[in-house]
Each structure stands twice: as structure tokens, then as C-alpha cells.
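Naming convention: chains lettered A, B, ... in sequence-line order (proteins, then strands); numbering from 1 in each chain.
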Amino acid sequence: MSDLESFRSEVRHWLEQNCPESQRQPIVRDEQIWGGRQRRFPSDDAQLWFERMRDKGWTAPDWPVAFGGGGLDPARANILSQEMRRLKCRPPLYESGLWMLGPALLEFGTDEQKQEHLPKIVRGEIRWCQGYSEPGAGSELAGLQMRAEEDGDEFVLNGSKIWTTAADLSDWIFCLVRTDPHASKQAGISFLLVDMETPGISVAPIKLISGDSEFCQTFFDNVRVPKRNLVGKQNEGWTVAKALLRHERKLMAMMDDMVEKNDRDLVEVAREYVGSHGNGELLNHSLRERIAEQRMRERALKLCEQRIFLHARARSSDGGLAMIMKYAGTSSQQHKDALLLDILGDRGLSLDDENLSIAERRDCRNWAFNKSLTIAGGTSEVQLNIIARKALALPSNDPG
Amino acid sequence: MLLNEEQQALADTLASLFDELSPATRARELRDERSEQGYDVALWQQLCEMGLPCAVADERNGGFGFGYLGMGAAFIEGGRRLVSSPLLSVSILSTGLLEALASTEQQSELLGPILSGEKVMTLAHDESPHYPGLELHTRVTATDGGWCISGRKSMVTDGHVADTLLVSARPDEGDCVVLMVDANAPGVVVERRFLIDGRNYADISFDNVTVPANARLADSSDCTVALSNVLDRATICTSAEMLGLAEAVFEKTIEYLKVRKQFGVAIGSFQALQHRCAKLFVELQMLRSVVLDALQAIDDNRRDLPIVASQAKSMANTAVESVTNEAVQLHGGIGVTDELDIGLFLKRGRVCRRQFGDTAFHNDRYARLSGF
């Protein structure tokens, strides 16, 4: 047996012995394991699963052992992830420090920063949130205005960040701040790590149209941050941010396996809510045709993913195919959400009426929540700009 | 879904051959000439000499196993340049039906002449005005020692140049059968039609046409399955042609937006136009994935072929509609002149949408085959 094969069988054996049955069930939103000082485990099994994985460093399998990681090479990390998927193991830790900040620190951080922050991320002791967008800087991220003025060994921060996910539950925030107000947009930005307990920080959750409030606005009023918390060079934070965005895209690709599945079968729901003939044909012809088109769209997207994979494996150009996926995937999801509500009729029109089933309320919530899909992570309009410029090479009149 | 080296080489060879012998402008000449054959005879001869019509035939019939993914390249590249030839009638429809239904002796007798380009054979299946699927009105009844066919077929591609017709018809019992009829047989009346795409179609009526017993291919139970399967293959090849057509007209439009100036700048720099183009690009990429998978599904003998064929045609219909309409609109005034090729793509696309079923037909079929 080769080294990799014996590693695979060890991993499989260990996971079978150590992953509790309850942690091999389909993912449920409320049972995800998050880190941080305010953490509460959703169950004893969840805690056990987390602690066992943490002790092997497998919450961050490919990080160096010196920082608490698993020290696995890419091939072994891949085997672990394959085996976890095979056994349907839930992720032992959800943490943006793991997915986004950590990889950036490994690339750009000082030794002190790595020593101080990485082990706490691996062990789920500190929860991180991201401070990028501002009320005046959304699609135009480089237009951010939050000031960081030098004062001795410190920066003094003033301004606010918005869409900071779970800022009210987080312990630290990584921020993009403006350290040179006179430089051109991207040039005057720095990447800074800030303890949320620093005086002058306040957090206000934002209530969304779906009833959720997982995003916050975070205000900074003369917040003093030591200069040693700068990641990368001063005024060169844009480089770090771009690297981090690459990790965010990788994360988006992984996300499919990490979120609660809402695989409502449109046909089954339609049978229940609009009825069908004896031969199985749905009674409502307009909905029937829309369901057919939705299924085709979803299948076409799966085939696009396969084609991207095949091109990557063959190292041939996909002709810009990958650029369509964010736009097409999110549009398709919104079509499905809206179609589902049309099928549910009046049963799909409440977020909180307890006379409705949990599934009905969830469908309504998802419809509202998923409006954000075409806005967050690069709006659909920005995606279309990218396709026009990069895939079609159409000319540009403006500097953006 | 990716072409192998051989298939890619075939695609490249055909692309340069078509560029040389049959660029899109050739479609206008054929239309204006109202040529006798309605397709490019010289080009067809050359394709036959290359052996292209045999590409997906059985090995025992001289085929060389390029598969439908390889053959699809011929339709995609042909679609890009509006190439007209009897390739679909001969290689996909006639060869497909004969190989599925005819005896070995019939196959060796009949396939040689059509695959070499000596003769043309086609399938007379459609009945006016809409694609019928397998619900046929043309009737066939048993007579002493043979069969009698009555009915009217429409939109028979290559119908007025074909030497032999394969005719689908409804028997007294069962869904459908396929009969072989000499185009010159008494009672067969062929009327050529001239449509917007300048190609050749015919309406053909059968007035109590009698044919011998062995004119009926195989037995009726096999026939419905085989006909359905061959029609699915033709539907997918037509979708491949439409993919090529849509991609080519889209690329021409993008190039135009880069050179056409108004208000002192290239109009392709306007965001309103960029977003429309980007959305078309998304639609075309999705169509490309679906068409390549459908071609692969034929090669793999996949059981979901009927559903895959309906999805490919439905999406090709929709994409061709949006891309050709936008191509005309984005070209502005010159887009509605006959001088430009864009109109040729618009018109060919419009005919293709009708062939082998429109969007409503395939959406309905897709839903039915999916059990809802």
C-alpha cells in the first residue's frame, strides 16, 4: 500500500471511530459550530466532535503544526476532505478566521502575528469578522473612507464598517482602512487587525427583509490600535485584500458542502399545492412550464461546472465560462425561490405565522434572504461588467 | 464534453474547408440563385470524398467511429457559416433509420450510394403546420402483397432532390412505421417550397401510393422506438447547428460594437449594451454545455437521451431567438439591410426553431418525460 493509501485508510478508520453519528447528518443551520469567546456548542456531540478534530489540528488541516494546524500536505488534506465528505461528517468549525484571515496571515503576517492569532483560530477561541464594506463603499470597495491616522506607535481609527457578518458575536475584526488620504484610491489602504474590545467600538445589528440580523454596522470612534497589528506594509493593504478575496472565492466553491441544503423539489411541492392529473401531469400549465425551465437551468449550471472542471484538468482555456457562474448561479437561485412562493400561494407569504409549517416559513425567509445573493460578493452588475471587459474585451470609457 | 484530439482535428479541418468553400455569404448566393438543388453541390461532394457522411455510421457500413461529439463539430462549424448540405438527411436521419430498422442486405444495398454522395435519401416526417412528434396523420394500410400510403408531409428537408424517401406513417395498429418510397413512384407529388433561409424543403403528398411488402422497415414495435431515437439525434444535431449559428452571430456583433463609433466613442463601451451582451454570453455558455453533453449522451447510449434532446432544443430555441434579435438591434440601421449577413443568421435561426419542435413542444415533452 502506498503512503497515501495507508493514510486514507487511517483517516477513514479514525473518522468512523471519532465522528459521532449526530455529526454525520445533513447540515442544519442552527447546529453549526462557531468559535469565539461567546461560543455555545449546539450539543454535547458537537463539542466532542469539535474537540477531537481540534486536538488533531484538523480544524485547519493544511496549516503548519507550529500554529496548531494539521500540517498535512495538499494531497493528504484532500484525502481528509474526501473522506469527511464520504462519511458526511459536518465541518467541525465554522470560522472566517479559518477561511479568510488565516491564509492571508500565513502569506503576509509577521511571525508574532502568526503566533498570536493562528492557534486561537484553530482552537476556535477567537471569532473573526471582516470589515471591508462601508456605507459609502460597496461595489466600489477601493473608495473606502474609514481613516487610520498615525499617532506614535498607534493608529487612531474613525469611521464605520457595514455588512460586518456577526460583528456582535466576534472578538476581533480585520479591516481595510485609509492610511493615506492623498494617495490614489487603492494605494492609500492598509490592512489592520483590531480587537473588538478596544474602547470606541460599537456594534449595531441590521435587521434584514428576511427577519434575520446576521449583519451589523460597526462604528469606530477614536479607536486606538497598535501599529504592530498592521498586516503587510502600510498603504499596501490592497494586496492583502486581493489575496484574501481569492480565498473567499475558494470558500464560495466549498460552501455548497457546508450550508444547510434546501432541496425542495418543485414538482413534489407543486403536486401538493396545485395538484396533478392521474397521469402525474401538473394541473397548472404555466407553473409546469416554469418548473421545467427551472430544472433545465439548474442542470445546465451543473454541466457548466463539469465543463470548467474538465478544462481545468486538461489545462485548456474554458473561454470565460467560469466568469458566468456567480451571475448565473445566483439568478437561478432567485428564480427558484420566487417560483416556489408562486407554487405555495398564500402558504408562502409569512416569515413567522405559526399556523404555517416550518418549511413554508423557511421558503418565504429564503426568498427574502436570497435577494442578497445578487448583491453580496460582487453584484450581478459588477459580474456583467467583468464578463464584458474580460471575456468579450469590450472597451471601457471609465477608469473603474 | 471535451473533444479528443481526433475530433478537434476534424472540427479544425471542417472550419477551414467551410471558410474556403462556403462562408456565410455563400448562403445569400444560393438563395439568390434559387439553385436547382438548394444546397452547395460542390461542397457536399467534397464532404463525401472526405468521408464525413460516414462519421457516425456502423463500422460494417464503412463508418469510422468519430462519435456524435465529433460529428457535432460538423454541425457547430456548419452552423457558424450557415452551411447547407444534406448531411442531416443522409447521415443522421436516413442512415440512422436504416441501421436501426433495415435488414443487413438492405443496409449494404442502400447505404453505399447515399454515403458516397451518389444519391440522396431523406425522411418525410413533418405534417403541417407544427412538428408532430410521433402523432402522425399520414396513414398506411395493408394491401395485397404490399402497403398503401395516404397523407401529406410538409417541410421535408431535401425533399425535392431526394431519390428515395423514408416516410413515417400511422398503421392500423401501433404508433408508427417507416416505409421506403421511390420519389418518382405514381401518386407521389413533390412541391418545392422557398423559405426565408433559402434552403430546400418540399411538401409531399401521397395519394394512395402503393409500395411492396419489403418497403416497410422492420416490424412496428421496433419502429416507434427507433424513429424516436433517430429524431432525438437529429434534434440534438440541429441544436448543435443552432449553437454554432448563435455563437457566430454573437461574435460578429461584439466585433461590430468595438468598431462602430457614435458620440465619439465605440458603442461597445456603453454599459447598457455591455450588459445585454454579457447576458447573451451567459446564455450561450449554458447552451454550449448542454449541447456538448447531449452529443455525448448519444455516444454513451444514455437512457435520458429523450429528455436531454428536449432540453438542448428548448434552450437552443430560446438562445437563438435572443441572440439573433439582439444582433439585429445592436447593429442598428445596417442590421435590417440585406447587405449584411446578420439577416441571414436571423432567418436561418427562425427556421431552425421550428425544425424538430418549437420551445413549447420541447418544454411540454421535457415535463412529461420527467413525470410531471
Side-chain angles (χ1 to χ4, degrees), chain A residues 265-268 270-271 276-277 279-282 285 287-293 295-297 299-311 313-314 316 318-325 327-328 331-332 380-381 383-398 400, chain B residues 1-4 8 247 250-251 253-255 257-259 261 263-271 273-294 296 304 307-308 310-312 314-315 318-319 359-360 362-372:
Chain A
D265 181 337
L266 293 172
V267 173
E268 275 176 31
R271 278 199 209 298
S276 48
H277 292 287
N279 65 2
E281 186 176 318
L282 295 174
H285 277 270
L287 287 175
R288 175 174 181 260
E289 185 159 25
R290 285 172 62 198
I291 293 172
E293 286 174 342
R295 284 204 176 181
M296 290 188 206
R297 210 164 14 239
R299 189 168 162 274
L301 284 172
K302 283 221 172 70
L303 293 170
C304 286
E305 279 170 15
Q306 278 179 33
R307 195 150 66 85
I308 291 171
F309 171 78
L310 292 173
H311 277 295
R313 201 176 57 178
S316 57
D318 67 13
L321 171 60
M323 283 181 229
I324 76 164
M325 296 310 284
Y327 173 84
S331 318
S332 170
S380 286
E381 289 70 20
Q383 303 301 324
L384 293 174
N385 287 347
I386 293 172
I387 293 170
R389 303 274 162 76
K390 302 232 166 113
L392 305 177
L394 285 167
S396 161
N397 283 334
D398 56 59
Chain B
M1 281 188 282
L2 299 193
L3 274 59
N4 64 27
Q8 189 58 53
E247 287 183 341
F250 177 68
E251 286 162 23
T253 305
I254 296 296
E255 288 319 304
L257 294 182
K258 289 175 187 171
V259 295
K261 288 197 168 163
F263 309 103
V265 294
I267 61 172
S269 65
F270 299 143
Q271 196 181 34
L273 306 194
Q274 290 185 345
H275 282 194
R276 281 160 64 180
C277 293
K279 286 178 189 172
L280 294 176
F281 179 77
V282 172
E283 203 174 345
L284 287 174
Q285 286 294 337
M286 289 169 73
L287 176 63
R288 175 164 268 270
S289 301
V290 166
V291 166
L292 293 176
D293 173 69
Q296 183 82 60
D304 62 350
I307 208 166
V308 163
S310 277
Q311 167 161 12
S314 169
M315 290 183 65
T318 311
T359 314
H362 283 291
N363 284 352
D364 173 68
R365 183 170 181 256
Y366 180 94
R368 189 159 28 81
L369 293 170
S370 306
F372 64 92

Inset, instruction - Write down the atom of A/Pro395, the atom of B/Ala266, and the distance for their closest heavy-atom approach. - result: CG-CB, 4.0 Å
Legend entry - Leading residue by heavy atom contact count with chain A [cutoff under 4.5 Å; candidates B/Asp364, B/Val290, B/Leu257, B/Leu273]: B/Asp364
Legend entry - Atom pair CD (B/Gln285) and CD1 (A/Ile308), whose distance is rounded to the nearest 0.5 Å: 9.0 Å
Inset, instruction - Using non-hydrogen atoms and a 4.5 Å limit, figure out which bit of B/Ser314 sits close to chain A: side chain, backbone, both or neither. - result: side chain
Inset, instruction - Say whether, by atom type as modelled, one donor and one acceptor occur between the side chain of B/Gln274 and the main chain of A/Ile386 under 3.5 angstrom. - result: no
Legend entry - Which atoms of B/Asn363 approach chain A - backbone, side chain, both or neither, heavy atom under 4.5 Å: both
Inset, instruction - For B/Leu2 and A/Leu310, work out which heavy atoms get closest and say how close. - result: CD1-O, 3.6 Å
Legend entry - Residue B/Ile307 versus chain A: region with a heavy atom under 4.5 Å: neither
Inset, instruction - Using a cut-off of under 4.5 Å on heavy-atom pairs, state which of A/Leu384, A/Asn385, A/Ile324 scores highest against chain B. - result: A/Leu384
Legend entry - A/Asp265 CG to B/Phe372 CZ distance, which is reported to the nearest 0.5 Å: 9.0 Å
Inset, instruction - Verify, without hydrogens or angle tests, whether A/Arg307 (side chain) and B/Asp293 (backbone) share a donor-acceptor contact under 3.5 angstrom. - result: no
Legend entry - Max heavy-atom pair count under 4.5 Å with chain B, selected residue of A/Met323, A/Met325, A/Glu293: A/Glu293
Inset, instruction - Say whether B/Gln311 and A/Arg295, considering side chains only, have a donor N or O and an acceptor N or O under 3.5 Å apart. - result: no
Legend entry - With sequence neighbours excluded, residues passing side-chain hydrogen bond (donor to acceptor under 3.5 Å, both in side chains) with A/Glu305: none
Inset, instruction - Find the one option among A/Ala314, A/Ala393, A/Gly319 whose heavy-atom pairs under 4.5 Å with chain B are most numerous. - result: A/Ala393
Legend entry - Closest-packed option against chain A by number of heavy-atom pairs under 4.5 Å, given B/Met1, B/Met286, B/His275: B/His275
Inset, instruction - Any chance you could measure B/Glu251, atom CD, to A/Leu392, atom CG, to the nearest 0.5 Å? - result: 10.0 Å
Inset, instruction - Would you mind telling me which of A/Leu321, A/Leu394, A/Ile387, A/Leu301 has the largest number of heavy-atom pairs within less than 4.5 Å of chain B? - result: A/Leu394
Inset, instruction - Grab the two heavy atoms, one from A/Ala388 and one from B/Ala278, that are nearest each other, plus how far apart they are. - result: N-CB, 4.4 Å
Inset, instruction - Check whether A/His311 gets within reach of chain B through its side chain, its backbone, both or neither, counting any heavy atom under 4.5 Å. - result: both
Legend entry - chain B contacts, top residue of A/Glu281, A/Arg299, A/Gln306 (heavy-atom pairs, under 4.5 Å): A/Arg299
